[in-house]
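Labels below follow one simple rule: chain letters A, B, ... track the order of the sequence lines, proteins then strands, and each chain is numbered from 1.
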Amino acid sequence: MRRSSNRKSSSASAAAGSGSTKAASKEFEKIDHLFNVYADKSSAIIDPEGIEQLCSSLEVDYTDVRILMLAWKMKAQKQGFFTLEEWRTGLKALRADSMSKLKKALPELDKEVSRPTDFLDFYSYAFRYCLTEDKQKCIDIESACQLLSLVLGTQFGPQVDKFTEYLKSQSEYKVMNMDQWMGFYRFCNEIPFPSLENYDSDLAWPLILDNFVEWFRENQK
Amino acid sequence: MNSQSQSQSQRRKNFKIEAFKHKVELDPKYAERTWKVLEHAIHEIYNNNASRLSFEELYRSAYNMVLHKYGDKLYSGLVATMTAHLNKIAKSVESAQGGLFLEKLNHKWADHNKALQMIRDILMYMDRSYVPTSHKTPVHELGLNLWRDHIIHSPNIQARLQDTLLDLVQRERTGDVINRGLMRNITKMLMDLGSSVYQDDFEKPFLDVSASFYSGESQQFIECCDCGSYLKKAERRLNEEMERVSHYLDAKTEVKITSVVEREMIANHMQRLVHMDNSGLVNMLIDDKYDDLSRMYSLFKRVPEGLSTIRDVMTSYLRERGRVLVTDTERLKDPVEFVQCLLNEKDKHDKIISTAFNNDKTFQNALNSSFEYFINLNNRSAEFISLYLDDKLRKGLKGASEEEVEVVLDKVMMLFRYLQEKDVFEKYYKQHLAKRLLSGKTVSDDAERSMIVKLKTECGYQFTSKLEGMFTDMKTSEDTMLDFYAKQSAELGDGPTLAVQILTTGSWPTQPTAACNLPPEILTVCEKFRTYYLGTHSGRRLTWQTNMGTADIKATFGKGHKHELNVSTYQMCVLMLFNSADGLTYREIEQATEIPALDLKRCLQSLACVKGKNVLRKEPMSKDISEEDVFYFNDKFTSKFVKVKIGTVVAQKESEPEKQETRQRVEEDRKPQIEAAIVRIMKSRRVLDHNSIVAEVTKQLQSRFLPNPVVIKKRIESLIEREFLERDKADRKLYRYLA
């Protein structure tokens with residue numbers, strides 16, 4: 001359903017675009033050509049296998065966070081798949097129409113994502129990207145831990161380490177929801193670590209963080 | 001005619017009447033002479049020879065002097081003369097020995113006043129005309145001032161006077177009798193001379209000396225007296241001082257001297273008194289020493305922080321005592337005793353507050369807050385209070401009058417008010433009430449209803465609506481049974497008599513029911529009832545609650561002994577099996593009745609293992625039921641009672657697992673209540689911060705229970721997940737209501 005609506009809108013934009021320079025349509029041509037290199041012939045979509053190939057072309061590991069960033073730039077809806085529209089969106093925004101340009105664009109992308117406003121968007125995207133089932137609202141703790149390391153590991157290493165340690169050791173929470181996910185990012189930004197000095201559990205912090213702080217303080221002793 | 005009048009008027013014009021311009025000059029010599037007369041008179045007055053003087057003449061002399069502008073001379077002469085006399089008097093007073101000093105002073109003062117009066121009368125014209133215009137002190141006042149300056153403040157008198165007065169007070173304090181009348185005169189003299197004279201020359205030193213006196217005395221007493229005796233002494237001293245003031249001091253001194261005594265004897269030793277070993281406040285409370293407590297209250301009331309000191313010590317004592325009571329494991333074994341203990345404590349301290357503490361509301365509040373504190377330390381208090389009521393309503397209040405019942409129920413209500421977890425109480429009360437109603441074991445319907453009314457008044461309609469529903473069901477069931485038998489009597493014939501209680505599911509405490517196999521005779525009549533009932537009430541479903549019923553069975557034992565056994569439904573099912581078999585194994589019984597294992601074991605135990613109620617015999621004769629046991633009808637059963645009760649439906653203290661289960665159910669029930677409160681609050685406020693929500697929710701639910709802030713947070717998060725609320729995007733400390 002969604003894809004067809006995307007196609008409609010993008011074809012509208014393509015129609016508008018085609019009114020402009022020939023260079024623009026040529027750009028899409030190259031992009032589309034690149035798309036077809038990795039897309040599955042029958043479904044006309046890049047599937048997990050295709051992504052794996054893409055990764056080796058980019059000389060980037062499958063699990064590298066830059067793939068996730070790429071997906072974000074593409075506004076990809078489904079984990080493990082890139083549609084043509086999404087491919088076009090992403091590569092156009094990156095001004096890349098060849099593999100070499102795409103490779104060069106990745107470090108820029110890294111910097112872009114790190115900007116606070118963009119990072120917030122990227123961070124919440126990362127969570128949503130993992131909601132693979134229809135109507136799914138939570139991801140299991142194991143996956144959440146991995147995702148946290150991937151996405152926040154460089155920026156807030158110590159907090160992520162401790163938090164994932166806590167999550168793995170407790171049994172009360174088996175899943176994490178969006179509210180808790182966003183809460184943790186806010187926590188990293190607002191609360192000094194490891195002192196945790198201005199953390200007040202009477203404020204509106206999610207309960208999971210209250211419990212984490214308590215656990216952390218207990219283990220300090 | 002004309003000319004005559006003309007000359008007359010001319011003459012009239014020339015004739016003038018002039019004012020009398022003659023100044024009657026008083027010859028200065030005459031002034032001197034007049035003064036001498038007056039001076040002489042003053043001397044005579046002071047020498048008590050006034051009787052020979054002519055008032056009229058002297059008055060006229062003074063008048064003339066003033067009139068002829070010799071006021072100055074008169075006035076200064078007066079001053080000089082009076083001063084001379086006062087100096088003489090001073091010497092006379094100074095020379096008085098020992099005890100006569102005061103007397104002489106007093107005597108001379110009286111004389112001086114008399115003299116002054118006469119002098120003032122004589123010089124009244126001067127007082128009225130010369131004195132105001134020349135801004136001089138009037139005669140009377142002059143006389144007092146001169147007395148003050150030349151007598152009282154004379155170097156040889158001032159200190160001696162003060163010492164003498166203070167010495168007399170000291171002697172009186174140590175038990176001597178002194179001349180109070182003389183003292184009064186002297187102090188009155190000082191007051192007459194001006195309140196500053198009284199204060200500086202007497203009152204201030206008096207207060208200082210008293211302070212050190214009482215400081216010393218209180219130190220002495222407190223080393224050797226117990227608290228009660230000390231307070232008695234303090235009270236006595238206080239009364240003494242007040243009496244002293246009324247007898248010979250100025251009234252304004254009373255509040256000053258009493259505050260000295262209060263400070264020295266009470267305020268400075270408050271802590272030590274209250275905490276005194278073996279005789280302090282706590283001991284007085286324990287031993288119901290109403291007199292001592294009353295005295296302490298009225299004395300401490302006079303000093304700042306006095307009452308709050310008593311109150312604080314009482315509060316911490318009560319809290320500790322209460323805490324010990326509610327955590328005493330021995331006492332906790334008997335819930336009824338436990339609650340009775342609490343009631344006794346309340347009664348005891350109520351009496352203390354009304355008898356000794358003047359029904360002081362702040363003390364009542366302290367008592368209430370202490371009880372509220374420790375009752376809630378034990379999370380079984382709610383259950384135990386319900387058990388206490390169960391005991392009273394089941395048998396404890398048997399034979400009691402209506403007033404006695406009300407008194408007991410009201411007292412228990414007071415304890416109920418202290419409970420924070422009123423919803424836990426509700427759950428237990430419902431269970432216990434159900435058992436009472438169904439077993440018909442209630443001492444008085446009126447008492448039951450009275451209790452419901454009290455709970456309704458305290459907690460509102462919703463608290464008691466289900467309880468009232470239970471009563472309604474009982475009444476309706478009665479009517480239904482009458483109708484059933486009226487309509488069906490022909491068909492029923494000789495079958496067992498059935499009494500059905502139809503319970504509306506929502507109102508009664510829920511218990512999981514496992515159906516069991518009823519004996520065929522019972523089944524028949526039950527089915528007949530079911531048909532009848534569903535005939536008149538279509539659309540309803542009836543489920544037999546076999547774990548709650550009772551049965552009366554006629555049994556014939558060996559030698560033809562007949563007994564009527566009152567048993568539970570399960571027990572009936574088991575016993576009826578023995579109509580067709582003498583002995584049955586456990587498994588056979590289990591199979592035939594399909595009673596759940598735990599219940600069956602309990603049932604068999606009560607039928608076979610209890611002395612005096614062993615209508616069944618078990619092999620082996622062990623105390624516990626094992627699945628290998630065999631049961632026989634006990635032919636040899638005897639009892640001195642014709643009717644034997646074997647049922648097990650009395651309300652009891654819950655076992656640990658049962659308690660956990662109930663607690664869990666209560667916690668589950670609380671979740672929707674908390675959520676409903678949150679939604680209500682957010683709906684009206686739209687946006688609110690976390691702390692405010694917690695405070696509001698707590699306030700809304702306080703009449704039922706105290707919500708745990710962690711649980712509230714969890715509920716909020718659950719509501720966020722279900723998209724009833726969201727976090728505000730701008731300020732993540734706020735929550736927003738999603739319509």
Scan chain B against chain A and return every donor-acceptor pair whose distance is under 3.5 Å.
from, atom 1, to, atom 2, distance (Å)
B:K713, NZ, A:S201, O, 3.3
B:K713, NZ, A:L203, O, 3.4
B:K713, NZ, A:W205, O, 2.4
B:K713, NZ, A:D210, OD1, 3.1
B:K713, NZ, A:D210, OD2, 2.3
B:K714, NZ, A:E172, OE2, 2.8
B:E717, OE2, A:L207, N, 2.4
B:E721, OE1, A:N177, ND2, 2.9
B:R727, NE, A:D179, OD1, 2.4
B:R727, NE, A:D179, OD2, 3.4
B:R727, NH1, A:A204, O, 2.6
B:R727, NH2, A:D179, OD1, 3.3
B:R727, NH2, A:D179, OD2, 2.6

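At least one cation-pi condition fails for B:R704 and B:F463: the charged atom is not both under 6.0 angstrom from the six-membered ring centre and inside a 45 degree cone around its axis. For the pair B:R331 and B:F338, the cation does not sit on the ring face, since its NZ or CZ is not both under 6.0 Å from the ring centre and inside 45° of the axis.
Listed for the B:K422 side chain is a donor-acceptor partner under 3.5 Å among the backbone atoms of B:L419.
The salt bridge (Lys or Arg N to Asp or Glu O under 4.0 Å) check on B:K430 picks up nothing, with sequence neighbours excluded. For B:K333, the salt bridge (Lys or Arg N to Asp or Glu O under 4.0 Å) test picks out B:E330, with sequence neighbours left out.
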Is there a salt bridge (charged side-chain N to carboxylate O under 4.0 Å, His left out) between B:R663 and B:E421 once you walk through the steps?
CA-CA 11 Å; B:R663 164 74 35 186; B:E421 301 196 299; 2.9 Å; yes

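Annotation for B:K346: atom NZ counts as buried by contact number, over 12 foreign heavy atoms lying within 6.0 Å.
For the pair A:L147 and A:A126, the tightest heavy-atom approach, listed with the atom from each and the gap, is CD2-O, 3.6 Å.
At a heavy-atom cut-off of under 4.5 Å, chain A is reached by no residue from residues 373-386 of chain B.
The ring of A:F184 has its center no closer than 6.0 angstrom to the ring center of A:F127.
Note that the CG atom of A:L203 and the CG atom of A:L209 stand 12.0 Å from one another [nearest 0.5 Å].
Heavy-atom distances place both the backbone and the side chain of B:V710 under 4.5 Å from chain A.
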